Amino acid sequence: MAEAMNPGMPKEWHRSRWCGQLRAEDAGQPVVLNGWVNRRRDHGGLIFLDLRDRTGIVQVVLNPEISRDAYEAGQALRPEYVVGVRGRVQRRPAGTENAELATGQVEVQATDLLIFNASKTPPFAVAENQAGPQVDETVRLRYRYLDLRRPSMYQILELRHRVVKAVRDYFDAHGFLEVETPMLTRSTPEGARDYLVPSRLHPGAFYALPQSPQLFKQLLMVGGIERYFQIARCFRDEDLRADRQPEFTQVDLEMSFVDAQDVQDVVEDMMVTVFHRVLGVEIPRPIPRLTWADAMARFGTDKPDLRFGLELVDVSGLVAQTQFQVFRQALEKGGQVKGIQAPGCARFTRKEIDALTQEIAVFGAKGLAWIAIQPDGQRHSPIARFFSEGELQALQGALQAGPGDLMLFVAGPPTVVAQSLGYLRNRLGHQLGLVEPGAYRFAWVVDFPMFTYDEEEKRLVAEHHPFTSPKDEDLPLLDSAPEKVRAKSYDLVLNGFELGSGSIRIHRREVQERIFRAMGFSPQEAGEKFGFLLEAFEYGTPPHGGMALGVDRIIMLMSGRDNVRDVIAFPKTQSATDLLMEAPSEVSPRQLQDLHIRVALAPQAAVAGK
RNA sequence: GGCCCGGUAGUUCAGCUGGUUAGAACGCCUGCCUGUCACGCAGGAGGUCGACGGUUCAAGUCCGUUCCGGGUCGCCA
C-alpha cells in the first residue's frame with residue numbers, strides 16, 4: 001500500500017494541474033493531481049475514480065497492468081478520501097468519452113496513488129447529481145465543511161469573491177478609500193437591538209457591535225476622507241428571515257460634496273459594472289426611478305418587484321357613493337378602496353379565494369371583495385348586487401378587466417390596503433407565472449417620508465435614520481407637520497428585494513438638533529447620546545451622503561438562491577445558532593466574573609435554553 | 001411574542017379510520033465483475049419513529065407540553 005503513517009505533503013506529490021482543467025490537448029502529459037474521491041467505480045480488474053478538486057472532476061483509471069501498486073491502493077478508497085494521483089493524461093478510448101464532464105474527453109492513467117487521509121462515510125453524499133434529493137439544511141449546516149465541498153456551494157463562494165473584488169476594483173478606480181471602522185463601539189438609541197459586549201476594564205459598561213458603520217463614515221467625512229467605502233460586517237439582534245442574518249455584510253460608502261443624484265449615479269454605475277463584469281449581464285440604464293409615494297400607490301410596497309405588472313388601482317373615487325357598506329364605511333373613516341386585476345382567474349374556486357382572504361388577514365384586511373367576469377361576460381360575485389351597472393362598468397374599466405378575469409378589492413386604512421394588495425400582487429405574479437424569468441429589474445425608490453409614527457412608543461421615529469437630511473423644500477414643515485416631511489433618502493431595489501438604502505446626511509448642527517427635537521429627544525438626551533456628532537458638526541463638516549448595500553442579498557439574487565444562508569460560508573439558523581460550532585454557548589464562571597456579569601437565570605433554565 | 005409547515009434507518013421519504021415482527025430507494029458492509037461514469041450482479045447489516053407526559057387492551061399514528069429546523073406577521077434607525 002502506498003499509504004504511509006503520515007504522508008504529509010511531499011514535494012513530488014504537489015499538484016501540477018487542477019482536475020477540472022484537463023482537456024484533450026493535454027493528452028500525453030504527466031500530471032500530479034490532489035483532491036477528494038468523488039466516486040469510485042470498481043470493475044474488479046479495473047477501478048475508475050472520479051477525482052474532485054475545487055475546479056471540477058476528472059476520471060482516473062487504476063489499471064493493474066499499468067501499476068499494480070496504484071490499483072491495490074485504490075481498493076481501499078471510499079468517497080471523500082483525500083488522495084494524490086501521479087500519472088499521465090490520455091484521450092479516452094473512442095466511445096467512452098463523457099459529454100457531461102468538462103474533462104470528459106480525457107482520463108488520467110495512474111502510475112502512483114497516495115492516500116493523504118481517509119474519510120468516514122459522510123452523513124450525506126458530497127457528490128452532487130442533478131436528480132438527487134435535496135439534503136436537509138440542518139444536516140448541511142452541522143457538517144458545513146462537507147457541504148462546502150459541493151461544486152454548487154463552491155461556485156457561490158467564488159461568485160461572492162468575484163463580486164466583492166469587482167466592487168473593490170470599482171471604488172479604487174473612482175478615488176474611494178477603503179477604511180476599516182471599529183467593531184467594538186457604543187450602543188446608540190434608535191434602530192435595531194444591539195449585540196452587546198461587556199467590558200472587563202469598565203465594570204457595568206458595554207460595547208455594542210455596529211448595526212452599520214453609519215456614524216463612523218460620517219465622521220470620516222468630517223475627517224476629510226471625501227470618498228470612503230468598506231466591505232463592512234454589521235450586526236443586528238432582531239428576528240431572522242430567509243433574507244436576513246444577525247451578522248451580514250454591506251458595501252458601505254460615503255461621499256462629500258455631493259447631492260442625492262451624485263450618490264445614486266455612483267452606485268448605479270458600480271452595480272451595472274459589477275453585473276457586467278461578473279455575470280456578463282447588461283443592466284439597462286438609467287435604472288427606473290419612482291418616488292416612495294408612487295411605489296406605495298402602484299405596488300403597495302417600498303420594494304416593488306418590477307418583473308411583472310399587476311399594478312394596484314385606486315377605485316376609491318368610483319365607489320364613493322356605492323350602496324356597498326364595507327367600501328363606503330372604509331372611505332368615510334379616511335381609508336381607501338383599491339383593487340388588482342388577476343388575468344384569467346375568473347376560474348378561481350371559492351376555496352382559492354377564501355385562502356387568499358385568509359392570507360391577507362395577517363395584514364389587518366377584514367376581507368377580500370371579488371368580482372369574477374366569466375368568459376361569457378356574466379359577472380360572478382357575492383358583492384356585485386350592491387353596485388349599479390354603471391359602477392361595475394367603471395370598476396371593470398379602471399382595472400381593465402375583461403371576460404375571464406378576476407377583480408380583487410381591499411378596503412381599509414391605506415397601510416392595510418397597501419400591504420394586502422402588495423402581498424396579493426406578489427403572490428399572484430408568481431402563481432400565474434407572470435414573473436419575467438432570468439430578469440434583473442432594478443429600481444430606485446426616492447423621497448421617503450422623514451418619519452413614521454411609532455404606535456408603541458407614541459412618537460415619531462426616523463424612517464431611514466436620524467441623520468438623514470430632510471428635503472430643503474420640506475424644511476418649513478418640520479415643526480408644523482413633521483409627518484409630511486420628505487427625506488433626501490433613496491433605496492435600491494432588485495426584483496422585490498431591498499438591496500440597500502442611503503441618504504444625504506445632515507451636516508449642520510442646528511438642523512440635526514431640530515430633527516432630534518422632532519423625534520422627542522430633549523437637548524440633554526441628544527447631547528448624551530450624540531454629543532460627539534453635534535460637536536463634530538461645529539468643526540467644518542462638508543455636505544455629504546452615502547449608501548449601504550446588502551452583499552448577501554445581492555449574491556443571493558445573482559446566484560438564483562432563495563435564502564442568504566446559501567451564500568454565507570457559515571450562516572446561522574433562524575434562532576441565530578451556529579449548528580457547527582454550537583454557538584452561542586455558556587461560558588465559565590471565571591469568564592463571567594472577569595466581566596462583572598451575573599446571569600439572571602437559574603442554572604437549569606440557562607441550560608434549557610440551549 | 002403570534003400564526004403555519006416539518007421531525008420515522010446514514011440520507012431522501014412512505015406508513016390510511018390506532019392493531020402481527022415499522023417499509024422503499026439511495027448510501028454502507030461482504031463477495032463477484034477490465035471501459036464504467038447515478039457502473040452492474042448476489043447477499044447482508046442498519047430504527048430511542050425528536051423528547052416528556054397522557055388517553056387506550058394496544059400509540060410512529062390520537063391529545064397535551066416541550067425541543068429542534070424552516071416559512072411568515074410583528075420586529076429589522
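If you're wondering where the values come from, they're calculated on a predicted model, not measured in any experiment. Chain letters run A, B, ... following the sequence lines, proteins first and then strands; every chain starts at 1. Excluded from the calculations below are hydrogen atoms, water molecules and symmetry mates; all remaining heavy atoms, backbone and side chain alike, are included.
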Visitor: Rounded to whole Å, how long is the line connecting atom CZ of A:R52 with atom C1' of B:rC37?
Guide: 15 Å

Visitor: Taking a pair as Watson-Crick or G-U wobble with both distances under 3.5 Å, which nucleotide is matched to B:rC57?
Guide: B:rG19

Visitor: Is the positively charged end of A:R486 above the ring of A:W292, judged by distance under 6.0 angstrom from the centroid and angle within 45° of the axis?
Guide: no

Visitor: What residue among A:R144, A:K572, A:R565 forms salt bridge (charged side-chain N to carboxylate O under 4.0 Å, His left out) with A:E137?
Guide: A:R565

Visitor: Give the rounded distance in Å between these two atoms: CD of A:Q358 and P of B:rG71.
Guide: 22 Å

Visitor: Both distances under 3.5 Å, Watson-Crick or G-U wobble: report the partner of B:rU66, or none.
Guide: B:rG50

Visitor: Does the ring of A:H43 lie flat against the base of B:rC39, closer than 5.5 Å centre to centre with planes under 30°?
Guide: yes

Visitor: What is the nucleic acid contact for A:F467, judged by heavy atoms within less than 4.0 Å: base, sugar-phosphate only, or nothing?
Guide: nothing

Visitor: Is A:E359 touching bases, backbone alone, or none of the nucleic acid, heavy atoms closer than 4.0 Å?
Guide: nothing

Visitor: Are any of the side-chain heavy atoms of A:R23 and A:T103 separated by less than 4.5 Å?
Guide: yes

Visitor: Students often get this wrong, so: under 4.0 angstrom with heavy atoms, is A:T96 touching a base, only sugar-phosphate, or nothing?
Guide: base

Visitor: To the nearest angstrom, how far is A:D147 atom CG from B:rG10 atom P?
Guide: 20 Å

Visitor: For A:Q214, answer base if it contacts any base atom (sugar-phosphate contacts may also be present), sugar-phosphate if it contacts only those atoms, and nothing otherwise; contact means non-hydrogen atoms under 4.0 Å.
Guide: base

Visitor: What nucleic acid atoms does A:A462 come within less than 4.0 Å of, heavy atoms only: base, sugar-phosphate, or nothing?
Guide: sugar-phosphate

Visitor: Taking the nucleotide of RNA chain B with the closest heavy atom to each, which residue, A:D50 or A:L240, is nearer the 5' end?
Guide: A:D50

Visitor: Between A:Q59 and A:N98, do the side chains contain a donor N or O and an acceptor N or O under 3.5 Å apart?
Guide: no

Visitor: With centres under 5.5 Å and planes under 30° as the test, does A:F48 stack with B:rU36?
Guide: yes

Visitor: For A:D237, report the nucleic acid contact type (base, sugar-phosphate, nothing); a contact means any heavy atom under 4.0 Å.
Guide: nothing

Visitor: Under 4.0 Å between any heavy atoms, over every strand shown, what does A:E456 touch: base, sugar-phosphate, or nothing? Just pick one.
Guide: nothing

Visitor: Find the distance A:N426:CG to B:rC73:C1' and express it as a whole number of Å.
Guide: 15 Å

Visitor: A:P93 near the nucleic acid: base, sugar-phosphate alone, or nothing, with a heavy-atom cut-off under 4.0 Å?
Guide: base

Visitor: Should the side chain of A:D239 and the base of B:rC76 be counted as holding a donor-acceptor pair, with the cut-off at 3.5 Å?
Guide: no

Visitor: Starting from C1' on B:rG50, measure out to CG on A:D136 and report it in whole angstrom.
Guide: 13 Å

Visitor: Please classify the nucleic acid contact of A:R39 as base, sugar-phosphate, or nothing, using heavy-atom distances under 4.0 Å.
Guide: sugar-phosphate

Visitor: Please tell me which of the listed nucleotides, B:rC33, B:rC37, B:rG27, lies nearest to the side chain of A:D42?
Guide: B:rC33

Visitor: Go through the side-chain N and O atoms of A:H430 and A:R425 and say whether any donor and acceptor fall under 3.5 Å apart.
Guide: no

Visitor: Taking pairing as Watson-Crick or G-U wobble with both contacts under 3.5 Å, can you name the mate of B:rC3, or confirm there isn't one?
Guide: B:rG71

Visitor: When the distance from NE2 of A:H430 to C1' of B:rG71 is rounded to whole Å, what number comes out?
Guide: 15 Å

Visitor: For the residue pair A:Y143 and A:Y145, does the interplanar ring angle fall in the parallel (under 30°), tilted (30 to 60°) or perpendicular (over 60°) class?
Guide: perpendicular

Visitor: Could you state the CD-P distance from A:Q59 to B:rA38, rounded to the nearest angstrom?
Guide: 10 Å

Visitor: Which is true for A:V135 with a 4.0 Å heavy-atom rule: it touches a base, it touches only sugar-phosphate, or it touches nothing?
Guide: sugar-phosphate

Visitor: If you find the nucleotide of RNA chain B closest to A:E463 and the one closest to A:P122, which residue's nucleotide is nearer the 5' end?
Guide: A:P122

Visitor: If we check salt bridge (charged side-chain N to carboxylate O under 4.0 Å, His left out) with A:E80, which of these qualifies: A:R150, A:R52, A:R40?
Guide: A:R52

Visitor: When we call it a touch if two heavy atoms are under 4.0 Å apart, what does A:T468 touch: a base, just sugar-phosphate, or nothing?
Guide: nothing

Visitor: May I ask which nucleotide in the shown strands pairs with B:rG10, Watson-Crick or G-U wobble, both distances under 3.5 Å?
Guide: B:rC26

Visitor: Regarding B:rG69, can its base be found pairing with the side chain of A:R565 as donor and acceptor, where the two atoms are less than 3.5 Å apart?
Guide: no

Visitor: Categorize A:R78 for me: base, sugar-phosphate, or nothing, with a 4.0 angstrom heavy-atom threshold over every strand shown.
Guide: sugar-phosphate

Visitor: Can you tell me how far P of B:rG1 sits from CZ of A:R193, to the nearest Å?
Guide: 10 Å

Visitor: Considering every strand and a 4.0 Å limit on heavy-atom distances, what is the contact class for A:R40: base, sugar-phosphate, or nothing?
Guide: nothing

